[in-house]
Amino acid sequence: MRISSFKVVTIVALGAAMVLAACGGNSSSGNTTNGKIGGTVHFLGTWSGSEQDSFMAVIKPFEDQTGVTVEYEASRDQDAILTTRVTAGNPPEVASAPSPALLTKFANQGKVIALNNVLDMGKLNSEYAKSWIDLGSINGKLYEVYAWGSLKGLVFYNPKVFQQKGYTVPKTWDEMITLQNKIKADGTTPWCIGLESGAASGWPGSDWVKEIVLSQSGPSAYDSWWQGKTKWSSSEIKQAWTTWGQVLGSGDSNVYGGKNFMVSTNFGDAGNGMFDSPPKCFMHNQGSFITDFFVKAKPSLVAGQDFNFFPLPDVNSKYTGAHVVAGDTMSMFKDTPQARALMKYLTTAEAQDIWVKRGGKTAINNKVNVNDYPDALQKNIAQTILSAKIAKYDAGDLMPPDMKNAYWSAILQYVQDQSKLDSILSGLDKVQATAYTT
Amino acid sequence: MDWGTFLSQLPIVVIVIVGVPAVLVAYIVGTEYLVRLLPDAFRPRVRPWIWVGPALIFVFGFLILPAILTAKTSLESGAGDFVGLQNYQRQLGDFPTGGAWIAIRNNVYWLILYTLVALGFGLLLAVLFDRVRYETFVKSLIFMPMAISAVALGVIWKFMYWYQPPGVPQTGTVNAILGIFHQDPRIWVQDPSVDNFAIIAAATWGITGFAMVILSAALKGIPADLLEAARVDGAGEITIFRRVIFPLMMPTVVVVGTTLVIFALKAFDVVYVMTGGNFETDVLANRMYKLLFFSGNQGGAAAVAMILLAAVVPVLIFNLRQFRAVEARR
């Protein structure tokens, strides 16, 4: 018995000593040697795998020029990790910005640093479209800055199949509905939709609804909706759901595999059915990032030839050029010379261009040459982004987390039984009543 | 691995390897020296406290204190104001589908199904394998899932339950088997009428080996002459199991059972991986995680934690009593 209690004490003490050692271990400092800044900066990002390789390639010239080592850490659970580390007083110096709702919370608590004195705002204003700077501002101060952006609401299709079948790219919402009816009349299914995404399941459907809200009822309706001022059961929002229901068809008959396939298929795999022979579906609405997934699933696919896109047509022509955008943004949580240098670097055209050339990203800095995009498709996306008249942030990300989660769950319920829309929306109203106050 | 980082951390490694034992030895020698200074009569009373002291400090600092602080947080709003039972009211107010009720219902499913099935199968397998020659081999097979992390288990079973529309080759094992019997494939972990059972089945697969191994060890501990005597008295095998084996195994069954109950109450990882709590499969631990990290609702998360604690405490008390009863019997 004595021996085992000795063991317990040893283990406990050992554990404690390790904890102490780990706490005391961080002693790197920012010494200035031969004009370089030196030192280290910690970066918490969301990129892993090949994306991480691309980011490290972006960082390489920065490290060479400044002598600063960037310690990169990747996590998909960004919000959870940042919340923990910020609360514990141990945030990384720089991080991919969390969801806008969380960032606003940090900004109100003074836990994130305003960038107005960190970046050269004059330069930024000349190189960035105003809508992108506005997106990163909270109460008039800039808290997050974009490096790369992506566009939501792109309908991907297979041009070869379209040509074969005699389908033409729709320019208006009505043309798209006509096209989907034609595809159905040919005995095939128009759409592929996959909603599974772990704890975030449902978000791909929420993209549909918010894109429809924006282009059907306009930006002011969109804003008052995510701000919690418009009820879910209001006519504008309900109309967006029924418009999406029209795309899904009664009993989800316009979607390959119906509701079972939608709820059980990962968003990244859903579009691949377009490239089967014979194709399982003909159109797939997703953000610009999805092309990576296409090529990964079928490396023989060539952008522009095997897949291309058209922007989801405007439901109401009054709001032409309205796009829901997303992107890679950075925020600063600790003010160090190294962090300042890194933030400045990432907003430059030089830094953004490195990833643009590697493919898969669209730069926000307008000094990046459009000819640097590796293919016509990505160039096309870049032009659509840069010419966006109304750029709106993902409404779900702007809502408080409880609201966002309820929104995603509601999507899953809706595709399983569209006739329950009224009770689903009144459920969302109930969440809305409390989510914005806590 | 970056060797530069390793080298720069080397002094810490040395401190841990050399320093920790040194500190421990110093603590023991030093305190023992102090104890020796005391009068003889006091020494036996003081010494145990010195030995358990560090452990007590850690238990207090890392278990009791956080528990008290959690209880306090559960009565506060996000801003730290006292709000009474409002957080509990939000979690428990909207019976039967609002707040935490779906999670509570699912934890009850877990409690009953997970515990009974794992215990039942564990006992059955232990008793049956006891009678065959290839016992070690099959027991290792059944025990193997224990070596898999719960996250891997969730991923594996997600593939097992994979769905493809009818008419396409089924890549999920379960739906492929249905196909052999000319049944249409179905969704398993997204359909609220079956998903809880599908997830619990996966978790049970992972834990049955644990129950089996411990019960099997208890079974081996039953003296052979007892069974012999029962047979001589003319008892059949089933009677022997019911009247001799099972009563003797009872303390072990209770210990395994209560352990499984605690596992069931704190179920998280499998649910997190397989559905993330969607499709009415949420459990309390996952709800707590979501409230804390996604919603930033510390009061709500603390309230769920307290509900969970309240559910576990009776099991713990029962378990402790049982331990004491077993000790007393010796």
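On a predicted model such as this, the values are computed, not experimentally measured, just so you know. The chains referred to below are lettered A, B, ... by the order of the sequence lines, with proteins before strands, and numbering in each begins at 1. Hydrogens, waters and symmetry mates are skipped; everything else that's a heavy atom, side chains included, is used.
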Query raised in the report: In Å and rounded to the nearest 0.5 Å, what is the CD to OG distance from Glu280(B) to Ser409(A)?
Result: 10.0 Å
Report summary line: Honestly, the part of Thr83(A) sitting under 4.5 Å from a heavy atom of chain B is side chain
**Report entry** Between Trp188(B), Trp162(B), Phe62(B), Phe293(B), the one whose heavy-atom pairs under 4.5 Å with chain A are most numerous
**Finding:** Phe293(B)
Report task. Please report the shortest heavy-atom distance between Phe261(A) and Tyr163(B), naming the atom on each side. Result -> N-CE2, 3.6 Å
Query raised in the report: Which is it for Phe279(B) and Leu412(A) under the side-chain contact (heavy atoms from CB on, under 4.5 Å) test, yes or no, and what are the steps along the way?
Result: CA-CA 8 Å; Phe279(B) 311 105; Leu412(A) 299 172; 3.7 Å; yes
Report task. Write down the atom of Pro165(B), the atom of Gly257(A), and the distance for their closest heavy-atom approach. Result -> CG-CA, 3.7 Å
Requested in this report: Report, as yes or no, whether the 6.0 Å neighbourhood of atom CD on Gln432(A) holds more than 12 heavy atoms from other residues, nucleotides or ligands.
Outcome: yes
Requested in this report: Sort Ser77(B) into side chain, backbone, both or neither according to what part of it lies under 4.5 angstrom from a heavy atom of chain A.
Outcome: neither
Query - Atom pair CG/CH2 of Asn278(B) and Trp408(A) - distance to nearest 0.5 Å - result: 10.0 Å
Query - Exceeds 12 heavy-atom contacts within 6.0 angstrom, atom CZ of Phe82(B) - result: yes
Query raised in the report: When rounded to the nearest 0.5 angstrom, what distance separates CG in Leu291(B) from CG in Asn405(A)?
Result: 9.5 Å
Report task. Count the heavy atoms belonging to other residues, nucleotides or ligands that lie under 6.0 Å from NZ of Lys60(A), then report whether that count exceeds 12. Result -> no
Query raised in the report: Does any heavy atom of chain B fall under 4.5 Å from the side chain of Lys105(A), the backbone, both, or neither of them?
Result: side chain
Report summary line: Under 4.5 Å to a heavy atom of chain B? For Lys430(A) that would be side chain
Query raised in the report: For Met262(A) and Gln190(B), what are the C-alpha separation, side-chain angles and deciding distance, and is it a side-chain contact (heavy atoms from CB on, under 4.5 Å)?
Result: CA-CA 10 Å; Met262(A) 274 195 272; Gln190(B) 290 88 11; over 6 Å; no
Query - Part of Tyr289(B) within contact of chain A (heavy atom distance under 4.5 Å) - result: side chain
Report task. Answer with side chain, backbone, both or neither: which region of Val168(B) has an atom nearer than 4.5 Å to a non-hydrogen atom of chain A? Result -> side chain
Requested in this report: Could I get the full list of side-chain contact (heavy atoms from CB on, under 4.5 Å) partners for Asp184(B), not counting sequence neighbours?
Outcome: Pro166(B)
Query raised in the report: For Gln416(A), is it the side chain, the backbone, both, or neither that has a heavy atom closer than 4.5 Å to a heavy atom of chain B?
Result: side chain
